[in-house]
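Remarks on the structure that follows.
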Amino acid sequence: MYGSPVHVACIMDGNGRWAKQRGLPRTAGHTAGEENLAAVVRSAVRLGIDHLTVFGFSTENWVRPRQEVRHILGLHKKLFGRVAELNELNVRVRWIGRPFDDPAARTPRYVQRAIAKAIRDTEANTGMTLTVAFDYGSRTEIAHAAETLRRAGRDITVEAIDSALYEPDLPSVDVLVRTSGETRVSNFLLWQAHGAAISFASAAWPDYSADDLRAAVDLALTSRDQHR
Ligand code: IPE
Ligand code: IPE
Ligand code: MG
């Protein structure tokens, strides 16, 4: 729609602070965040975005209180269960994260099953690709790619690493969004986001709006034009 595919990647941050401001438990912030993700997906489809990749849970997030982790796991089951809605939007779901057979992987079986089912049940869709990063860490991903190549006796070149990432078809990121006024890079798509524009939004993730998303896309397009 924009001449070449647009890839927006979001670090969905600030759920806890959103809840705290309202005197609610952190879990309520995560629930609101999951609901807003569903709304952002609809906005992204309307805006003609080709790839939306979101950071749902990091390899570092497992140290959070057990009850919070359990709540976030349940929300991912719910998210990957939104198949009817995604099919209606012609959205294809993908997942990136530590492979389930990796000894360090922590994703429980019931979430693995929800992920596998969502991927299977939406794979024929031809519109936007929604990639959810769960049990994901970018440095672990790059190390995994290098290790895969080493074991195969391959040279470690940029192209080879590209081909050994969790989702080799994922294009480079055009704009990296981080919400909740946090102006730091995260352990998210470090390899794929080379040259990306960065859009820092003051809204906490549950309040991230269609207008915020449009501003991020505009930023990506102007930065792209300036670099032609
Ligand atoms: C992002 O919100 C969601 C996850 C990391 C799972 P946070 O839970 O990090 O919210 P803050 O940063 O504490 O406000
Ligand atoms: C980034 O948020 C991870 C996700 C959005 C899943 P965090 O709140 O975990 O990140 P840091 O630790 O503050 O960078
Ligand atoms: Mg945070």
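In listed order, ligands and their atoms are each counted from 1. Note: hydrogens, waters and symmetry copies are ignored here, and every other heavy atom, side chains too, is used.
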Is there a donor-acceptor contact under 3.5 Å linking the side chains of [X] and [Y]?
| X | Y | result |
| --- | --- | --- |
| Thr140 | Arg98 | no |
| Glu141 | Gln192 | yes |
| Ser209 | Asp212 | yes |
| Asn90 | Thr126 | yes |
| Asp207 | Trp18 | yes |

Handout entry: Contact (N/O only, under 3.5 Å) between Ser58 and ligand 2
Key =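 By distance alone, the answer is no.
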
Problem - contact_flag His30 ligand 1 heavy-atom lt 4.0 Å - result: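 Yes, His30 has a heavy atom closer than 4.0 Å to ligand 1.
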
Working to the nearest 0.5 Å, report the span between [atom1] of [X] and [atom2] of [Y].
| X | Y | atom1 | atom2 | value |
| --- | --- | --- | --- | --- |
| Ile115 | Phe80 | CD1 | CZ | 4.5 Å |
| His30 | Phe57 | NE2 | CZ | 8.5 Å |
| Leu73 | Lys78 | CG | NZ | 15.0 Å |
| Asn125 | Arg92 | CG | CZ | 8.5 Å |
| Gln112 | Lys77 | CD | NZ | 14.0 Å |
| Trp191 | Asp162 | CH2 | CG | 6.0 Å |

Write out the residue and atom name of the closest protein heavy atom to [atom], then the distance separating them to 0.1 Å.
| atom | answer |
| --- | --- |
| atom 12 (O) of ligand 1 | Arg17 NH2, 2.7 Å |
| atom 9 (O) of ligand 2 | Asn61 ND2, 2.9 Å |
| atom 2 (O) of ligand 2 | Asp13 OD1, 3.8 Å |

Practice task
Run the numbers for me: atoms of ligand 1, each under 4.0 Å from some heavy atom of Gly56, listed by number.
Solution key: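 Those atoms are 6 (C).
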
Handout entry: Heteroatom of Asp13 nearest to the Mg ion (ligand 3) (N, O or S, atom name)
Key =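 Result for Asp13 and the Mg ion (ligand 3): OD1.
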
Practice task
Using a cut-off of strictly less than 2.8 Å, determine whether Glu182 has an N/O/S atom near the Mg ion (ligand 3).
Solution key: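 No, Glu182 does not qualify, because none of its backbone or side-chain N, O or S atoms lies under 2.8 Å.
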
Practice task
May I ask which of Glu60, Arg64, Arg178 has a heavy atom nearer to atom 11 (P) of ligand 2 than the others do?
Solution key: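 When every heavy atom of Glu60, Arg64, Arg178 is considered, Arg178 comes closest to atom 11 (P) of ligand 2.
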
Practice task
With atom 10 (O) of ligand 1 as the reference point, say which of Ser180, Gly16, Ala204, Ser186 has the nearest heavy atom.
Solution key: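 Result: the heavy atom closest to atom 10 (O) of ligand 1 is in Gly16.
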
Exercise for the section: Find all atoms of ligand 2 within a distance of less than 4.0 Å from any non-hydrogen atom belonging to Phe55, and give their numbers and elements. Expected result: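 This gives 3 (C), 4 (C), 5 (C), 6 (C) as the contact atoms.
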
Practice task
For Phe57, take its heavy atoms, then give the atoms of ligand 2 lying under 4.0 Å from any of them.
Solution key: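 Going through ligand 2 atom by atom, the ones under 4.0 Å from Phe57 are 6 (C).
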
Is [X] touching ligand 2 with its side chain, its backbone, both, or neither, if touching means heavy atoms under 4.0 Å apart?
| X | answer |
| --- | --- |
| Phe188 | neither |
| Asn187 | neither |
| Arg184 | side chain |

Problem - Part of Arg26 with heavy atoms under 4.0 Å of ligand 1, whether side chain, backbone, both or neither - result: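 The side chain, only.
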
Practice task
Check Met12 against ligand 1 and report side chain, backbone, both or neither, counting heavy atoms closer than 4.0 Å.
Solution key: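 Met12 to ligand 1: backbone contact only, side chain stays beyond 4.0 Å.
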
